[in-house]
Amino acid sequence: MEAIETRYRTQTCGQLRLSDVGKTVKLAGWVHSYRDHGGLVFVDLRDRDGITQLVFDPDTCGQQAHEESRRLRSEFVISITGKVTARSAEALNKKLPTGEIEVHVQSLELLSGAATPPFTPDQHESVNEERRLEYRYIDLRRPDMSQTLRTRYRVSKIMRDYLGERGFWEIETPFLTKSTPEGSRDFIVPSRLVPGSFYALPQSPQLFKQILMVGGVDKYMQIVRCFRDEDPRADRQAEFTQLDVEMSFIDMENIISIIEGLLRTIWKQILGVEIPDPIPHMDYDVAVNRYGTDRPDLRFGMELKDVTDLGHATDFGVFKSAPMVKCIRVPGGAKLTRKETDALADWSKGFGAKGLAVTKVTAGSLDTGIAKFLASIAPKLIERMEAHEGDLLCFAADQPAVVHKVLGELRLKMARDLKLEPSTPWAWVWVVNFPLLDWDGEEKKWNAVHHPFTSPRDEDMANLSSRDQAVLSAMKSKAYDIVLNGYELGGGSIRIHRMDVQQEIFSILGISSEQQKLRFGFLLDALKFGAPPHGGLALGLDRIIMLLRGTSNIRDVIAFPKTQSGADLMCGSPSELDDKQLRETHIRLSMPAKPAAT
RNA sequence: GGGCGCGUAGCUCAAUUGGUUAGAGUACCGGACUGUCGAUCCGGUGGUUGCGGGUUCGAGUCCCGUCGCGCUCGCCA
């Protein structure tokens with residue numbers, strides 16, 4: 001960082017080198033640490049650019065400044081004038097980029113004192129995240145956090161530059177918008193001017209960007225906040241940021257190639273890493289069947305293999321009666337103890353499984369666990385699983401959804417627990433050919449797998465009038481997800497641009513024509529007045545930064561994140577409103593009465 | 001809403017598994033020190049063991065409740 005010269009500084013704390021020796025400079029920043037030797041005081045001065053050692057020597061700074069320097073404490077904010085001096089050979093600090101020089105202070109100005117901080121930004125020991133969130137302004141001074149903010153800025157700049165050069169316009173869409181009960185729960189905002197009415201914060205700008213296409217914008221992008229009122233996870237926050245993209249007169253491969261180019265540029269510029277060209281595609285069905293999920297982590301093998309036929313041939317009741325039996329081979333898993341494999345079975349119940357059967361592979365045979373039930377099929381099983389001595393075979397037998405969930409999660413757990421070596425640091429894949437629709441057996445209705453505006457494949461268009469469960473289940477959409485190391489970085493689709501098709505989809509989803517008009521009338525109207533074929537995608541900016549920075553905690557890549565209960569521990573949100581605000585927005589609370597304070 | 005884990009000095013952790021006055025490092029305060037760089041040396045302050053209740057002769061430790069934080073299932077078109 002080049003400093004902009006001000007009354008407080010001429011350079012930054014990360015800038016000075018041997019070539020600057022002899023210059024008189026001004027530096028400003030925080031007291032990172034101080035070492036008081038009585039007659040001589042050293043201060044490490046820090047700004048976001050680095051750390052520079054200051055020397056307070058009464059001979060150069062005078063008695064008064066020297067006395068003042070002895071009263072400096074952690075995180076005081078100061079500005080100094082001084083002379084850049086080469087350090088002697090014994091005094092070099094190889095840990096600092098500025099370690100070949102130091103600044104001999106001539107004058108000191110205290111800009112702000114600081115109370116004793118609850119923790120310091122020195123990163124010597126990890127601090128409770130609750131404290132970090134409460135005192136975020138101190139946490140953000142840590143070089144790690146500073147570096148993350150910088151990476152985040154650089155990535156968003158690359159996104160704007162890359163897409164801007166290709167004719168995309170960044171256009172803002174409303175935050176105060178209309179609630180649509182589909183999808184995730186909305187955050188709602190009361191209207192003061194229209195009593196009893198509410199806005200919703202956008203789950204994504206989906207409909208606005210489609211309408212921009214109808215509006216002839218042709219190429220749109222926006223780095224935009226989205227809001228979903230659902231419980232957070234390690235990689236999920238109620239409020240998050242997307243790179244939202246939409247283009248007209250395209251098909252799937254056009255948007256895929258644009259986004260690949262963007263990701264390639266980001267990984268190259270931020271990490272110096274090359275991304276495969278092209279990124280391989282995988283059918284949704286293949287992903288689910290082989291990896292148990294639509295966002296497979298391809299850094300590890302342990303593919304799910306169907307052994308339903310072998311399972312049915314055993315005398316093992318659980319296997320004989322199960323609709324599906326699948327197996328994964330965990331290399332080296334035989335070293336797990338009985339206690340550990342029992343724990344796996346318990347763990348699997350968290351995903352709806354009744355249990356998890358395991359057996360260890362010995363030289364040409366099976367031992368322990370359910371080995372005795374498998375004796376008759378052992379050779380075929382070992383052959384199909386390509387199993388070797390020392391492997392662990394893990395079986396799930398249940399409905400397909402449960403089998404896939406359990407074994408899909410087990411793969412990842414085994415990779416973590418056994419610290420398996422990834423086959424590549426970055427495993428990219430486009431997941432394509434998603435089903436269009438998903439039958440909800442509980443509610444007896446169809447749901448859109450991606451969203452209701454996703455176009456069916458051309459070859460499925462003819463079947464839209466069908467209401468046959470098998471026909472509708474078999475329909476595929478023009479949706480695509482980009483997956484990296486098991487994280488869904490983003491997804492999108494080619495949209496429906498014909499009103500009749502959109503109405504047909506709504507009808508399959510069980511939305512009456514009255515409801516269609518009420519909730520999506522503006523979209524149907526827009527499609528009526530000449531909509532170009534269009535499609536796009538949204539990338540999760542937070543997750544991209546997580547992967548670039550090597551963290552699995554989304555809060556680490558957001559300047560002011562929220563806790564799992566949706567609280568901002570620094571500013572204290574959410575908070576109650578006073579009566580006046582409630583009256584103005586026509587809101588009466590119906591909270592259960594609080595127990596009287598005693 | 002459910003499951004699991006955590007909560008002890010400002011911070012990071014300990015406390016022989018229910019037993020004396022809850023310790024250590026660091027930070028902080030005072031003192032010494034002109035080449036340190038996670039400075040060093042000497043001395044000192046600092047605790048409602050998250051909160052409330054219970055069991056017990058005795059609770060940081062066990063039980064119940066509650067609050068907060070984390071991971072997770074459900075949820076996330």
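Below, read A as the first sequence line, B as the second, and so on, with proteins coming before strands; counting in each chain starts at 1.
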- Give me the residues of residues 226-242 of chain A where at least one heavy atom lies under 4.0 Å from an atom of RNA chain B, by number, or none.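 Residues of residues 226-242 of chain A under 4.0 Å from RNA chain B: R228(A), E230(A), D231(A), R233(A), A234(A), R236(A).
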
- Side chain of V127(A) - closest among C37(B), U34(B), U12(B):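 My answer, after comparing the listed nucleotides, is U12(B).
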
Counting only Watson-Crick pairs (N1-N3 plus N6-O4 or O6-N4) and G-U wobbles (N1-O2, O6-N3), all under 3.5 Å, who is the partner of [N]?
| N | result |
| --- | --- |
| C75(B) | none |
| C37(B) | none |
| C6(B) | G68(B) |
| G25(B) | C11(B) |
| U20(B) | none |

What distance, rounded to whole Å, do you find between the two [atom1] atoms, one in [N] and one in [M]?
| N | M | atom1 | value |
| --- | --- | --- | --- |
| G7(B) | G47(B) | C1' | 15 Å |
| G58(B) | C41(B) | P | 45 Å |
| U55(B) | C11(B) | C1' | 35 Å |

Near-parallel close stack of [X] and [N] base (under 5.5 Å, under 30°):
| X | N | answer |
| --- | --- | --- |
| F119(A) | C11(B) | no |
| H124(A) | G38(B) | yes |
| H37(A) | A39(B) | yes |

Check the distance between [N]'s [atom2] and [X]'s [atom1] and give it to me in whole angstrom.
| X | N | atom1 | atom2 | value |
| --- | --- | --- | --- | --- |
| F187(A) | C75(B) | CZ | C1' | 13 Å |
| Q516(A) | A77(B) | CD | P | 20 Å |
| N93(A) | G35(B) | CG | C1' | 12 Å |

- Kindly indicate whether the side chain of Q564(A) and the base of G68(B) share any N or O donor-acceptor pair separated by less than 3.5 Å?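 Result: no qualifying N/O pair found.
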
- Query: Less than 3.5 Å between a donor and an acceptor, one on the side chain of E125(A) and one on the base of U26(B), is that the case here?
  - Reply: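 Answer no: no donor N or O sits under 3.5 Å from an acceptor.
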
- Item | CA sep, side-chain torsions, deciding dist, call: F520(A), F453(A), ring-ring contact (aromatic ring centres under 6.0 Å, His included) | CA-CA 11 Å; F520(A) 303 110; F453(A) 322 110; 5.7 Å; yes

Which part of the nucleic acid, if any, lies within contact of [X], taking any heavy atom under 4.0 Å across all strands shown: a base, the sugar-phosphate backbone alone, or nothing?
| X | result |
| --- | --- |
| E130(A) | sugar-phosphate |
| P452(A) | base |
| R87(A) | base |

Salt bridge between [X] and [Y], side-chain N to carboxylate O under 4.0 Å?
| X | Y | value |
| --- | --- | --- |
| R225(A) | E239(A) | yes |
| E409(A) | K349(A) | no |
| K209(A) | D244(A) | yes |
| R495(A) | E246(A) | yes |

Has [X] got a side-chain N or O lying under 4.0 Å from the OP1 or OP2 atom of [N]?
| X | N | value |
| --- | --- | --- |
| S565(A) | C69(B) | yes |
| Y34(A) | G38(B) | no |
| S33(A) | A39(B) | yes |

- Item | Flag if over 12 foreign heavy atoms under 6.0 Å of OH, Y199(A) |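 No - once you tally the heavy atoms of other residues, nucleotides and ligands closer than 6.0 Å, there are 12 at most.
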
- Query: Is the count of non-hydrogen atoms from other residues, nucleotides or ligands lying under 6.0 Å from E230(A) atom CD greater than 12?
  - Reply: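 Buried by this count: over 12 neighbours within 6.0 Å.
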
- Query: Can any side-chain N or O of R543(A) pair as donor or acceptor with the backbone N or O of D235(A) at less than 3.5 Å?
  - Reply: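 Side chain of R543(A) to backbone of D235(A): a pair is present.
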
- Message: With the 90 degree cut-off around zero defining syn, does U17(B) come out syn or anti?
- Response: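 You should classify U17(B) as syn.
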
